[in-house]
Number of protein chains: 2
Amino acid sequence: MAITIKDIARAAGVSYSTVSKALNDSPLVQPKTKEKIHQVARKMGYEPNFAAQQLVSKQSKTIGLIWPTLERTAYSTLVTQLNNEIKKQGFSMILSVNPADSSLELFKRCHVDGAIIFDEGNSVPSPITAPFPVVSYGAGWQDHFSLIDVNYQAAMFKAVDYLQQLGHHSITFIGDFSPLDSHQKEKYIGFQQAMNHFNLPVHQQSFINSAGLEWYDGYQATKRMLQGSSRPSAVVGASYDISAGVVRAIRETNLIIPKDISIVGYDNIPQMSTLEVPLTSVGVPVELIAEQIVSLLFKQLETDSAEQVTKKLEPVLTERNSCARVNNP
Amino acid sequence: MAITIKDIARAAGVSYSTVSKALNDSPLVQPKTKEKIHQVARKMGYEPNFAAQQLVSKQSKTIGLIWPTLERTAYSTLVTQLNNEIKKQGFSMILSVNPADSSLELFKRCHVDGAIIFDEGNSVPSPITAPFPVVSYGAGWQDHFSLIDVNYQAAMFKAVDYLQQLGHHSITFIGDFSPLDSHQKEKYIGFQQAMNHFNLPVHQQSFINSAGLEWYDGYQATKRMLQGSSRPSAVVGASYDISAGVVRAIRETNLIIPKDISIVGYDNIPQMSTLEVPLTSVGVPVELIAEQIVSLLFKQLETDSAEQVTKKLEPVLTERNSCARVNNP
DNA sequence: TAATATAATAACAACGTTGTTATTTTAAAG
DNA sequence: CTTTAAAATAACAACGTTGTTATTATATTA
């Protein structure tokens, strides 16, 4: 049986309510007694009973994270960041890999103070609610929860803008054209609009469908592109994995990045620097995403507002070593 | 404020203790009243307070999983399986991505009934304990917790045995030779012993160091191998990712699997079937690993024994479509 | 030295459950 | 109709905390 404050009270010769106050550093108890109680508690190896604290305080100091698509490894950095960010607030994070509805059920029972959802939500038809604030990342739950989103179109605009400033005219977009993926679609549209805006030539070969998000998909798409008649001077990769494939395919063809061809990737994650060629990329830095998600969640937690906020984050371009100025005019 | 059994009692015109019994399907309450109480509870949207239940029952019906190395994606299938297996027992799983010691701290506060650790544990010097049973997967915590391990040597033996039965003599092992990775080392040794056992020729080129666990590592290692003078008739890949790289490198060289070259991969995970070529592989099926971890944990939970058990699982070979009989004698 | 203010501690209710014990209601038997 | 047994329900303590209120000990003032 675990040690309780009553055990400590008995051992220290005081009442258990005094022990409670002492351990919570209340000013209502004499420094001397406080010190003694702390000592006894430490010696007896006291661990507060979380269930009891929760029952009376109605707070668990825990945030639940719902991540049913474990396989999407792109999120793993974000998860780690979120964990840190939540820890900073003195809270703990627990993770559930179940679908949103049953995860929320679990979290209700665990009495988390708030939750974060990664799930795209396309699979759940019935409206679900939670008795605590929920922030979702990515689209899908707009009707139910607050949302942190990314301005993908702006991201592609920045990529194209940057490349045209370096003198590039012939730019190819490599991404997954699956109609189900709204993020990919937005990137596609953003690229197209940017090309039009800068009066850059757009034709069939300006868009290459990787037909998948894994890096072998980007790899194969790039091989196909390089076998074609005309080679662009720059490529925009629509995700980290796809861009990694692009890099490998290009290097295997004995072309040099960025001398022969420039690349801008999407996703502003640290891994971009550890590719064979550190990749210049656009995207919202994960630290920022994590910080925004957590701060929105805690704001809702403090103000106790059930209001549903949507916030679109602006991407930034991070220069690394994969783009060069085009010399021939 | 959430609905409690007292609210239900008032609404149904009975005492709250009767409500408690009715909701727990106790035989001490009349079926008729039971039915009525259930109806009222449902209508009022009652959700039991977990903290209160926990406080009195001393059970949380929750298992904690510690997985600090989120980046190791090979575990993700296992995590999903564990989740299912735990759900089957009527328990829930929560996940922590913090290091083992602070995760256990969190789990103590959440009052989980048991925990599973993936962490290799090479980073934690101080002995740590937990007030609940803990099962670890992979090596490292032998001194503290029960362990589910895999007989990697037997796995390699089975791979070689299978290939030699098909008539292969020239077999190459591709894996990571990092001295830090005890699993990889065991596979290496197992392969070597098996080759000796069957009197198969072993030379320098029989072992190729991928110097990494990602599939590009296996890819490059294979390319190097294929550029060499003599080509083996079969390859053993030391992990899923490495084997995936092997497959891609071989196919790009316009060799046909398994006509020109046979492959056996390590890791018996479903993804093996979805590679370009469904890969014959050795390893303990993830479902079995998950089942073993969970059943060991629950056995300890039931018997309340702090005894530290170690169990080594025997791998099996699953035939798919990557191996062929060698015709020339 | 008694009256009063203040600091320190103790006592106790509450949180929402479960399990045990006490009471009431109902049915069966004489 | 009582008396007795059984079934159904109600009452209540307990779980380990926290916060509020009541009590005691100590210091201050007249």
Side-chain angles (χ1 to χ4, degrees), chain A residues 1-41 44-62 90 107-113 131-132, chain B residues 1-41 44-62 90 92 108-113 131-132:
Chain A
M1 198 45 142
I3 306 293
T4 74
I5 50 172
K6 294 191 182 176
D7 299 319
I8 298 174
R10 214 171 307 122
V14 294
S15 81
Y16 66 86
S17 54
T18 305
V19 174
S20 170
K21 286 177 191 59
L23 294 177
N24 288 317
D25 206 24
S26 156
L28 294 173
V29 36
Q30 226 184 351
K32 215 178 70 187
T33 12
K34 212 186 273 188
E35 178 53 36
K36 191 178 69 187
I37 290 172
H38 269 107
Q39 259 174 0
V40 174
M44 297 180 77
Y46 169 74
E47 290 283 348
N49 183 315
F50 204 48
Q53 287 182 327
Q54 220 172 292
L55 183 59
V56 56
S57 74
K58 269 113 171 55
Q59 255 216 89
S60 64
K61 291 244 170 203
T62 306
F107 287 167
K108 250 185 247 177
R109 289 153 38 97
C110 288
H111 277 249
V112 301
D113 295 325
F132 41 75
Chain B
M1 196 46 140
I3 306 294
T4 74
I5 51 172
K6 293 189 182 175
D7 300 318
I8 297 173
R10 214 171 306 123
V14 295
S15 79
Y16 66 86
S17 54
T18 305
V19 174
S20 170
K21 288 177 190 60
L23 294 177
N24 289 316
D25 207 24
S26 156
L28 294 173
V29 37
Q30 227 184 350
K32 214 178 69 188
T33 13
K34 211 186 277 188
E35 177 55 34
K36 191 178 69 186
I37 290 173
H38 268 107
Q39 260 174 358
V40 174
M44 297 180 76
Y46 169 73
E47 290 284 348
N49 182 314
F50 205 47
Q53 286 183 327
Q54 220 173 290
L55 183 60
V56 57
S57 73
K58 269 112 170 56
Q59 256 214 87
S60 65
K61 291 244 169 202
T62 306
S92 304
K108 250 184 247 176
R109 288 153 38 96
C110 287
H111 276 247
V112 303
D113 295 326
F132 41 74

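Numbered from 1 within each chain, the chains take letters A, B, ... in sequence-line order.
- Rounded to a whole Å, the CD atom of Gln53(A) is 13 Å from the P atom of dG16(D).
- Going from atom CG of Leu55(A) over to atom C1' of dC15(D) covers 9 Å, rounded to whole Å.
- Of all non-hydrogen atoms in Lys61(A) and Asp113(A), the two that sit nearest each other are N-OD2, 2.6 Å.
- Closest heavy-atom contact between Ala22(A) and His38(A): O-CE1, 3.2 Å.
- At the phosphate of dT9(D), OP1 or OP2 sits under 4.0 Å from a side-chain N or O atom of Thr33(B).
- Considering only side-chain N and O atoms, Asn49(A) lies nowhere under 4.0 angstrom from the phosphate OP1 or OP2 of dC15(D).
- Nearest heavy-atom pair, Tyr46(B) versus Ile3(B), reported as atom, atom and distance to 0.1 Å: CD1-O, 3.5 Å.
- For the pair Tyr16(B) OH and dT17(C) C1', the computed distance is 9 Å after rounding to whole Å.
- Atom CD1 in Ile3(A) sits roughly 11 Å away from atom P in dG16(D) (whole-Å rounding).
- Among the atoms of the strands shown, only primed sugar atoms or phosphate atoms (P, OP1, OP2) are found under 4.0 Å from some heavy atom of Val29(B).
- Using a 4.0 Å heavy-atom criterion, one finds that Ser20(B) contacts the bases of the nucleic acid, with or without backbone contacts as well.
- Across the protein-nucleic acid pair, Glu47(B) atom CD and dC15(C) atom P stand 20 Å apart, rounded to whole Å.
- Proximity note for Gln30(A) (side chain, C-beta onward) versus dT9(C), dA10(C), dT17(C): the nearest is dT9(C).
- The nearest whole Å value for the distance from the NZ atom in Lys34(A) to the P atom in dA10(C) is 15 Å.
- Nearest-nucleotide mapping onto DNA chain D: of Ser17(A) and Ser15(B), the residue sitting toward the 5' end is Ser15(B).
- Rounded to whole Å, atom C1' of dT17(C) lies 11 Å from atom CG of Leu23(B).
- No engagement by Gln59(B) is indicated, since no non-hydrogen atom pair under 4.0 Å with the nucleic acid exists.
- Counting heavy atoms from C-beta outward, Lys6(A) and Val19(A) have side chains that stay 4.5 Å or more apart.
- Between the side chain of Lys21(A) and the base of dT20(D), a donor-acceptor pair under 3.5 Å is found.
- Residue contacts shown for Tyr46(B) are limited to sugar-phosphate atoms, with no base heavy atom under 4.0 Å away.
- Taking atom CD1 of residue Ile8(B) and atom P of nucleotide dT9(D), one finds them 16 Å apart after rounding to whole Å.
- Nearest to the side chain of Leu28(A), among dG16(D), dG16(C), dT9(C), sits dT9(C).
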